[in-house]
Each structure stands twice: as structure tokens, then as C-alpha cells.
Amino acid sequence: MSSAVKKPAASLAVVFHQDIINSFCSGLKETIQMMGETEVSFQKALINSEWKTEGDISGIIEFDAEQFKGHLYIHFPYDVLVKIYNQMVGESNTVFTDEMMDCIGEISNMAYGVAKGKLDPLQLKFSMSLPKVSKTADLNRIPTPHLAIPFMLHQKLCQLEITLIKK
Amino acid sequence: MFPQDTKFLVVDDFGTMRKIIKKILNELGYKNITEAGDGRAAMKHVEDAAAAGLPFQCIISDWNMPNMTGIEFLKACRSNSSYKSLPFILVTAESEQTQIIEAAKSGVSDYVVKPFNAVTLKEKLQRAYNKHNSSHQKAA
């Protein structure tokens, strides 16, 4: 397998699995480009030992696979989410409303579904999971090293974060 | 293709996805669209519309929903002689072969994997229409 597995210093078996990370990134990129007709530009990934998330609203997928478990977080500023929502549903909103909360849930769900489809043939069987949506400030902090991948959308910084723990 | 006055039922627990599908249907010229938030509510719409003599002519439903899933809703429609030939398109984030086979065995007209765009949905509508139109012609 072409995956690179690396263990950082941590008591839990945290891993950074190249195939899984690439699939999550591709899933998010394909989803936003297809549904939001907007380019996603990923930046250099960082390994965060502390929580330093930027964003206003987050989509969360808690996933489980035979070999791994973890979380996928996607964080957006309010104004970026308004633009994506408008593009997706054909409206012209100028401010974030509660109605837009489930938009990020849908994006997270689709991104994870695309990633899952890419990982299945690699014998990495992930189960489907219902997305959750939260204000970024209200998220529980993750006490383990995790991967943060910033990306630009509508000239604003957004963030994808992945925690992956080997069972 | 489905005529412009076709009566659609769009079913999804996410309001955003219902709006996306409705937007695409509007762009294709369809205006007679009813929405439901899960399979159970959708089944009630189907029964009420049929009882009123104005049955739905195409259903586009999500798979993963609370109360009654899309596949359960499809099976409920197919088990009723009044709705068994109703064009029914399932929308899902899953592309697993086992799920596609289950949908096919349950009588789905076509299957859309998310994310999708207007071109994809239009193709699926065309295929569903052709499938039901040709089967009706054969039956006639």
C-alpha cells in the first residue's frame, strides 16, 4: 500500500495516513467544486498539538473503520458559508441565518461520502456517519495531535482538521 | 423527457438539499414541486395526492433519513399497486455496490450519487422517464 504511517509522540495511537488524508481532501474539493461551483485551494498541512482552530461554523463527522476511528472537522467563516449556500441553492442572502446550518452538514456528509468511495477499493472500509454542525467556538477541544489543513475559499481561510486513531 | 407540468415530490431531511434539487428542477422548467422531510411524511403526501386524484408523477428521494429511509419509502411505494410504476429516483452519498444492488432490486428507476450537478440530475431524469415510458409502451 502506498500509505505513509507516522506516529507522533502521544499516548494514543494517533496516525497520519496518506490515503485517508488525501481522500478527505479530494472529497471536500470535489463536493465544493461540484455543488458550490467554487475552487478550493489547499495549503500546507500542519500538525497541531493544541487546538488553534479558525472559523465560525463547523461540520463534524465522527467516523469508524475496521482499523481506525476519528473525526473530520470542516470549519468555515460565516461569510464564506453564505456565499457557498447562495451558490448551491440559487439565493442572494447577505447574512448568515440558521437555515444555512444544515448546508455545512450536507457538505460534510457529501465530502465524507466521496472519501469513503475512494477508500473502499483500498480495503479501508469506513462506515457511514451522520454529520453534526456546531459553532466552532463551542467545539470540544481535542487532546491529541491532529492534522490541520488550511484551504482558501472565496479568498478566505477555512480549515479541514482530521484526527485519526489506530485501533 | 418528463413534460413541464410533471408533479414532483422531493424528499430529504436536509432543507438545503431539497432547495438544491428544487433549484435544478426549476432551471429545467418544472414548477409543480412538493417537498417532504422524510419517507413517512412523503408517503402521506403520495397517498393524499392519489386520493385527491392528482397523483405525483416523479419522486426524487434521499436515502438516509430519519423515521422512514428512502429505500423503505421506495419499497412501500413498490408494494402498493397504485404507486408501483411511479418513477422514483434515489439520491445518496453512498456509492457502494451493495447499496446500488439493493436499490435496483427494490425497483428504483435511477440512482444519483452526491455530489451532483444539474447535468447529472437531468440525465437521471431522462433515463427514468425513458425507462418508465418504454415499459409502459411494452405493457400497452
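Chain naming here is simple, since letters A, B, ... match the order of the sequence lines and numbering starts at 1 in each.
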Shorter than 4.5 Å, heavy atoms on both sides: which option in Met34(A), Met110(A), Met100(A) has the most such pairs with chain B?
Met34(A)
Assigning hydrophobic clusters by single linkage (Ile, Leu, Val, Met, Phe, Trp, Tyr; side-chain heavy-atom cutoff under 4.5 Å), is Val133(A) placed with Ile20(B)?
yes
hydrophobic_cluster_shared for Phe76(A) and Leu72(A), side chain cutoff 4.5 Å:
yes
Residues of residues 42-63 of chain B under 4.5 Å from chain A (heavy atom pairs)?
none
Counting neighbours of CG on Leu130(A) that are heavy atoms of other residues, nucleotides or ligands and sit closer than 6.0 Å, is the number greater than 12?
no
Does a salt bridge link Glu91(A) with Lys23(B), judged by any charged N lying under 4.0 Å from a carboxylate O?
no
State plainly whether one hydrophobic cluster holds both Leu122(A) and Ile20(A), where clusters connect Ile, Leu, Val, Met, Phe, Trp and Tyr through side-chain heavy atoms under 4.5 angstrom apart.
yes
So which bits of residues 113-124 of chain B come within less than 4.5 Å of chain A, counting non-hydrogen atoms only?
Lys114(B), Pro115(B), Phe116(B), Asn117(B)
Is it the case that the side chain of Asp102(A) and the backbone of Phe14(B) share a donor-acceptor pair, with hydrogens and angles ignored and the cut-off at 3.5 Å?
no
Atom group of Tyr112(A) that falls short of 4.5 Å from chain B, counting heavy atoms:
neither
Quick check: are there more than 12 heavy atoms from other residues, nucleotides or ligands sitting under 6.0 Å from CD of Gln4(B)?
yes
Any chance you could measure Met88(A), atom CE, to Thr16(B), atom OG1, to the nearest 0.5 Å?
6.5 Å
Under a single-linkage definition using a 4.5 Å side-chain heavy-atom cutoff for Ile, Leu, Val, Met, Phe, Trp and Tyr, are Leu90(B) and Val112(B) assigned to the same hydrophobic cluster?
no
If you count heavy-atom pairs under 4.5 Å with chain A, which of Lys19(B), Met17(B), Glu27(B) comes out on top?
Lys19(B)
What part of Asn109(A) lies closer than 4.5 angstrom to a heavy atom of chain B: side chain, backbone, both or neither?
both
Where on Pro121(A) is there a heavy atom nearer than 4.5 Å to chain B: the side chain, the backbone, both, or neither?
neither
Given heavy-atom pairs under 4.5 angstrom as the criterion, report whether the side chain, backbone, both or neither of Glu99(A) touches chain B.
both
